[in-house]
Amino acid sequence: MTEYRVADVMTRQVIYLSAETTLDEAARVMKEADIGDVVVTDGANLAGILTDRDIVVRAVAENADASSTTIGSITTREVVMIEQFCTAGEAAALMRERGIRRILVCDNERKLVGIVSLGDLAMQLDPTSALSEITEQSPTV
């Protein structure tokens with residue numbers, strides 16, 4: 001069986017929000033798009049990635065005011081990228097090694113083309129797994 005490439009399993013819908021966006025606005029965008037992450041920008045530069053978990057752990061759990069706290073203040077600044085033609089197995093190994101659930105996907109010129117999540121990998125590689133079943137019910141894993 002041919003191994004899947006990251007491009008085969010990644011989510012191509014990438015939503016960008018400015019670091020100045022408030023948490024409540026970012027949460028609304030995520031809900032409306034039915035996604036669990038956004039790419040955070042600072043002007044024309046990539047500033048990081050923000051996940052629904054970041055909002056909960058770094059803001060809600062700290063009693064941050066969602067209407068005045070910006071996503072730039074809680075975003076994960078260390079981004080991990082993988083090239084779109086790497087194998088899904090390489091993506092899974094990188095996630096395991098770094099202890100992360102999402103990786104930004106780039107082309108050979110390092111242009112962002114998607115995001116691959118642990119849920120994306122589970123749904124494609126093992127559709128009968130518990131993680132795949134949960135992800136299918138809630139695509140924001």
Please determine whether residues I49 and V14 belong to a single hydrophobic cluster, defined as Ile, Leu, Val, Met, Phe, Trp and Tyr linked transitively by side-chain heavy-atom distances below 4.5 Å. yes
Expected list for residues 22-30: side-chain donor-acceptor pairs under 3.5 angstrom, two or more places apart:
from	atom 1	to	atom 2	distance (Å)
T22	OG1	D24	OD1	2.5
E25	OE1	R28	NE	3.4
E25	OE1	R28	NH2	3.1

CD1 of I15 to CG of L50: how many Å apart, nearest 0.5 Å? 12.0 Å
Residue list, side-chain contact (heavy atoms from CB on, under 4.5 Å) with V60, at least two apart or on another chain: I55
For side-chain contact (heavy atoms from CB on, under 4.5 Å), just list the numbers for L46 and V39, CA-CA rounded to whole Å, side-chain angles, deciding distance to a tenth of an Å, and then say yes or no. CA-CA 7 Å; L46 176 72; V39 172; 3.0 Å; yes
Sequence neighbours excluded, the answer for salt bridge (Lys or Arg N to Asp or Glu O under 4.0 Å) partners of E109 is none
Verify same cluster id: V6, V113 (apolar side-chain graph, 4.5 Å): yes
Can you tell me how far apart CG (D8) and CE (M10) are? Round to the nearest 0.5 Å. 9.0 Å
Taking salt bridge (Lys or Arg N to Asp or Glu O under 4.0 Å) as the definition, give me every residue that meets it alongside E90, ordered by chain and number, with sequence neighbours left out. none
With no hydrogens and no angle check, is any side-chain donor or acceptor of T75 less than 3.5 Å from a backbone partner on G72? no
Which residue pairs satisfy the salt bridge (charged side-chain N to carboxylate O under 4.0 Å, His left out) criterion with at least one member in residues 53-72, sequence neighbours excluded? D54-R58
What I'd like to find out is whether the side chain of M81 reaches to under 4.5 Å of the side chain of V105, using heavy atoms alone. no
Among residues at least two apart in sequence or on other chains, which ones pass side chain to side chain donor-acceptor pair (under 3.5 Å) with T11? D120
Nearest 0.5 angstrom please: L118 CG to R96 CZ, how far? 10.0 Å
In terms of hydrophobic clustering (I, L, V, M, F, W, Y; side-chain heavy atoms under 4.5 Å; direct or indirect links), are V79 and Y16 co-clustered? yes
For the hydrophobic clusters of this structure (ILVMFWY residues joined by side-chain heavy atoms under 4.5 Å, transitively), does one cluster hold both L104 and I100? no
Assess the residue pair M95 and I103 against the criterion (side-chain contact (heavy atoms from CB on, under 4.5 Å)); give the C-alpha distance rounded to whole Å, side-chain angles, the decisive distance to 0.1 Å, and a yes or no. CA-CA 7 Å; M95 287 179 186; I103 303 174; 3.6 Å; yes
In Å, rounded to the nearest 0.5 Å, how long is the span from CD1 of I71 to CG of L17? 4.5 Å
Less than 4.5 Å apart, side chain to side chain, heavy atoms only: is that true for R101 and S117? no
Rounded to the nearest 0.5 Å, what separates atom CG in L121 from atom OH in Y4? 12.0 Å
Could you check T87 against R5 for side-chain contact (heavy atoms from CB on, under 4.5 Å), going step by step and ending with a plain yes or no? CA-CA 4 Å; T87 67; R5 299 287 172 192; 3.0 Å; yes
Find out if a path of hydrophobic residues (ILVMFWY) with successive side-chain heavy-atom gaps under 4.5 Å connects I115 to V9. no
Quick one: closest heavy-atom pair of V40 and S18, and the distance? CG1-C, 4.3 Å
